[in-house]
A.B. asks: 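Here you go, one structure.
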Amino acid sequence: MQTAPTIARPALLRGVLLADAGVTAITALAMAAAAAPLAALTALPADLLRIVGLALLPYVAWIAWLARKPGYRSGWLVAALNALYALDCVLLLASGWGSPNVLGIVFVLVQAAAVATFAIAGAIALAHRPGSAERLV
C-alpha cells in the first residue's frame with residue numbers, strides 16, 4: 001500500500017494558503033463589487049473585472065477550507081492554479097485584448113506577481129521533504 005507523500009512544511013503551506021485566500025478575497029470582492037469604478041481607473045473591461053472577481057470567490061472558499069488541513073496533492077494543485085493565473089495575467093496583457101492604461105497594466109502585473117509568489121511559496125512548502133539532504137534555511 002502506497003502512502004501519500006508528507007508535506008515538508010505544513011505550517012508554511014497553511015500560512016501560504018491562508019494568505020492566498022485573504023489577498024484573493026480582497027481582490028475578488030473589489031473586482032466584483034467595484035467593477036465599474038475599477039474599470040474607469042484601469043481602462044480594463046468592467047465585465048471582465050466582475051466575472052473574474054465572481055469566479056475567484058469559490059476559489060477563495062476552497063483554499064481557505066484546504067488551509068485547515070492541507071494535503072500534498074491539493075497543495076500542488078493550488079500552486080499550479082496560481083501559476084496558471086499568473087501566466088493568464090501576463091497573456092492578457094501580451095494579447096493586446098482590451099486597452100488598459102498604465103494603472104490597468106500595473107493592476108494586472110501586481111496580481112501576476114502576487115499569485116506567482118503564492119505559487120512559489122506553496123511549491124517550497126511542498127517540495128522539500130523532512131530529513132532530505134537539501135534543506136532550506
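Quick caveat, the model's predicted, so the values are computed rather than measured.
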A.B. asks: Share the residues that join L91 in a hydrophobic cluster, the rule being Ile, Leu, Val, Met, Phe, Trp or Tyr side chains under 4.5 Å apart at the heavy-atom level.
C.D. replies: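 Members besides L91, by chain and number: L87.
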A.B. asks: Between the main-chain N or O of A21 and the side-chain N or O of T24, is there a donor-acceptor pair closer than 3.5 Å?
C.D. replies: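 Not a single qualifying donor-acceptor pair exists.
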A.B. asks: Could you tabulate the donor-acceptor pairs under 3.5 Å formed by side-chain atoms of residues 100-123, not counting sequence neighbours?
C.D. replies:
unit_1, atom_1, unit_2, atom_2, d
N101, OD1, L103, N, 3.0
N101, OD1, G104, N, 2.8
N101, ND2, L41, O, 2.9
Q111, OE1, Y85, OH, 2.7
T117, OG1, A113, O, 2.8

A.B. asks: Filter on salt bridge (charged side-chain N to carboxylate O under 4.0 Å, His left out), then keep only pairs touching residues 104-114, sequence neighbours left out; what's left?
C.D. replies: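 Qualifying pairs: none.
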A.B. asks: Return the CG to OG1 distance between L49 and T27, rounded to the nearest 0.5 Å.
C.D. replies: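 It comes to 11.5 Å.
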A.B. asks: Atom CG in L17, atom OG in S74: separation rounded to 0.5 Å?
C.D. replies: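 The distance works out to 7.5 Å.
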A.B. asks: For residues 31-39, tabulate all N or O donor-acceptor pairs below 3.5 Å that involve a side-chain atom, not counting sequence neighbours.
C.D. replies:
none

A.B. asks: Write out all pairs satisfying salt bridge (charged side-chain N to carboxylate O under 4.0 Å, His left out) with one or both partners inside residues 26-48, taking only residues at least two apart or from two chains.
C.D. replies: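 For residues 26-48, and leaving out neighbouring residues, the salt bridge (charged side-chain N to carboxylate O under 4.0 Å, His left out) pairs sorted by first residue read D47-R50.
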A.B. asks: With sequence neighbours excluded, tell me which residues meet side chain to side chain contact (heavy atoms under 4.5 Å, CB included) with P45.
C.D. replies: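 Residues passing side chain to side chain contact (heavy atoms under 4.5 Å, CB included) with P45: L48, W97.
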A.B. asks: Got a sec, which pairs hit side-chain hydrogen bond (donor to acceptor under 3.5 Å, both in side chains) with one end in residues 36-46, sequence neighbours left out?
C.D. replies: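 Applying side-chain hydrogen bond (donor to acceptor under 3.5 Å, both in side chains) to every pair that reaches into residues 36-46, excluding sequence neighbours, yields nothing.
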A.B. asks: Tell me who clusters with L18, hydrophobic residues only, linked when side chains sit under 4.5 Å apart either directly or through other members.
C.D. replies: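 Direct or chained contacts put L18 with none.
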A.B. asks: Side-chain donor-acceptor contacts of residues 56-70 below 3.5 Å, not counting sequence neighbours, with atom names and distances?
C.D. replies:
unit_1, atom_1, unit_2, atom_2, d
Y59, OH, N82, OD1, 2.9
R68, NE, W65, O, 3.4

A.B. asks: Can you tell me how far SG of C89 sits from CG of L84, rounded to the nearest 0.5 angstrom?
C.D. replies: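 With rounding to 0.5 Å, CG (L84) is 10.0 Å from SG (C89).
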